[in-house]
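First comes the structure, then the notes that go with it.
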Amino acid sequence: MLLPSKKDLKTALEVFALFQWALSALVIVSTVILVNLYLVVFTPYWPVTVLLTWLAFDWKIPERGGCWFTCVRHWCLWKQYCDYFPLKMRSRRSPLGLNYILACHPHGLMSHSCFGHFATEKSGFSKIFPGITPYILTLGAFFWVPFLREYVMSTGACSVSQSSMDFLLTRRGTGNMLIVVVSGLAECRYSLPGSTTLVLKNRTSFVHTVALIPAYASGETELYIKQIFTPGGFVNRFQKWFQSMVYIYPCAFYGHGFLENSWGLLPYARPVTTTVGKPLPLPKIENLSKETVVKYHHKTKFGFSETQELVLT
């Protein structure tokens, strides 16, 4: 009887590590979609139903720092997760002692690199950023499913709502890093292999009175193949309607299957390198006006010259 080689076992562990996390995310998204559609379509008193469901759980936990477990972040399983692609991180400077917001691009389909680098310790986060506690922020919908939400929060994930960010920046002391994939689902729809479109123009809510750290994941948009439908067409209009109803953008995509040359839900095993820039300090201003936010959101404050052209959508 032939026994599997060490290479085969390592590959199997990498696939399992990736698939169990991707499956958790898909279960959450599918549950949220189905529950929302049922409440909207079949239940005349769906607001009351939603309220009663919420009362059964402490839904404010994702907005109050979550439930961060160091042991989960150190699971050996995450090493296989990072090795699958593989994921690498380069940092130009290690911030110390303050609170930070790390603005990451691009979103891609599932932000695998963002999770691997900042929700686990297998990329050496604590060594690169000593004394810093990371909180990866994501959609509140990921915390709607009991038990699975605890699993998500155990890695340091919290809601990306304004109240959540304010709590982490003002009531958790210093040494906190909030990781935000700034453009979210709006950027996901434009992510295609071979090209990257950054959605920045109207993304100013992440500008706080803390230092901003830019980060870019090269290769994130190469992990899945997405189908882009004709703007204004029936499918495209359905996608926009669906997103307005359940706050999740539906898209047709495929990746690698379990068998060679097959299609499936696994991302393609392609290297992703995340480059983390140096902190961009902002002055402490008690009441931020819209004009002040726009001023520090402007490209000249992020190291670009007035003559350098950026495509904003």
The side-chain contact (heavy atoms from CB on, under 4.5 Å) partners of Phe125 (sequence neighbours excluded) come to Arg73, Phe118, Glu121, Phe129, Ile132, Pro134, Met177
Taking every heavy atom of Leu87 against every heavy atom of Gly116, the minimum-distance pair comes out as CD1-CA, 3.8 Å
Scanning both residues in full, the closest heavy-atom pair of Pro106 with Ala217 reads CD-O, 3.3 Å
Q.
Looking at Asn99 and Gly175, would you say the former's side chain and the latter's main chain have a donor-acceptor pair under 3.5 Å?
A. yes
Examine Phe69 together with Trp75 and report whether their ring centres are nearer than 6.0 Å.
no
Considering only heavy atoms from C-beta outward, does the side chain of Met153 approach that of Ile61 to under 4.5 Å? yes
Find out whether Ile136 and Cys114 are in side-chain contact, i.e. whether some heavy atom of one side chain is under 4.5 Å from a heavy atom of the other. yes
Query raised in the report: Are any non-hydrogen side-chain atoms of Val160 and Thr138 less than 4.5 angstrom apart?
Result: no
For Trp78 and Val72 the tightest heavy-atom approach is NE1-O, 2.7 Å
message = If hydrophobic clusters are built by linking Ile, Leu, Val, Met, Phe, Trp and Tyr wherever their side-chain heavy atoms come under 4.5 Å apart, do Leu9 and Leu266 end up in the same one?
response = no
- request: Check whether Leu169 and Val181 end up in the same hydrophobic cluster, where Ile, Leu, Val, Met, Phe, Trp and Tyr are linked by side-chain heavy atoms less than 4.5 Å apart.
  value: no
> Does Ile179 reach the side chain of Leu102, with side-chain heavy atoms less than 4.5 Å apart?
Replying inline: yes
Q) Would you say the side-chain atoms of Arg172 pair up with the backbone N or O of Arg64, donor to acceptor, closer than 3.5 Å? A) yes
Notebook entry, point to check: Would you say Arg270's side chain and Glu222's backbone share a donor-acceptor pair under 3.5 angstrom?
Noted result: yes
Interatomic distance, CZ@Phe167 vs OG@Ser163, rounded to 0.5 Å, equals 10.0 Å
* **Contact check, side chains of Pro267 and Tyr84, non-hydrogen atoms, under 4.5 Å** => yes
Practice task
Answer yes or no: is there a side-chain heavy-atom contact under 4.5 Å between Thr133 and Trp68?
Solution key: yes
Note, Val272 side chain near Lys88 side chain (heavy atom, < 4.5 Å): no
Looking only at heavy atoms, the pair that brings Ser164 and Ser159 closest together is OG-O, 2.8 Å
The reported gap from CD in Glu14 to CZ in Phe85 (rounded to nearest 0.5 angstrom) is 10.0 Å
To the nearest 0.5 Å, atom CD1 of Ile101 lies from atom CD1 of Ile213 at 10.0 Å
To the nearest 0.5 Å, atom CE of Met110 lies from atom CG of Leu223 at 10.5 Å
Check: Does the pair Asp83 and Lys122 meet the rule for a side chain to side chain contact (heavy atoms under 4.5 Å, CB included), with working shown?
Finding: CA-CA 9 Å; Asp83 288 347; Lys122 296 309 175 181; over 6 Å; no
In short, Thr120 meets Cys82 closest at the heavy-atom pair OG1-SG, 4.2 Å
In terms of heavy-atom contacts, Cys158 and Tyr135 come closest through SG-CD2, 3.8 Å
### Task
Would you check if Leu178 and Met165 make a side-chain contact, meaning some heavy-atom pair closer than 4.5 Å?
yes
Separation between CG (Asp166) and CD (Glu63), nearest 0.5 Å, reads 10.5 Å
Measure the acute angle between the ring planes of Tyr81 and His112, then classify it against the limits of 30° and 60° as parallel, tilted or perpendicular. tilted
Distance col, row Leu212:CG vs Lys278:NZ, nearest 0.5 angstrom, shows 13.5 Å
Report task. For the residue pair Tyr268 and His256, categorise the inter-ring angle as parallel (less than 30°), tilted (30 to 60°) or perpendicular (more than 60°). Result -> perpendicular
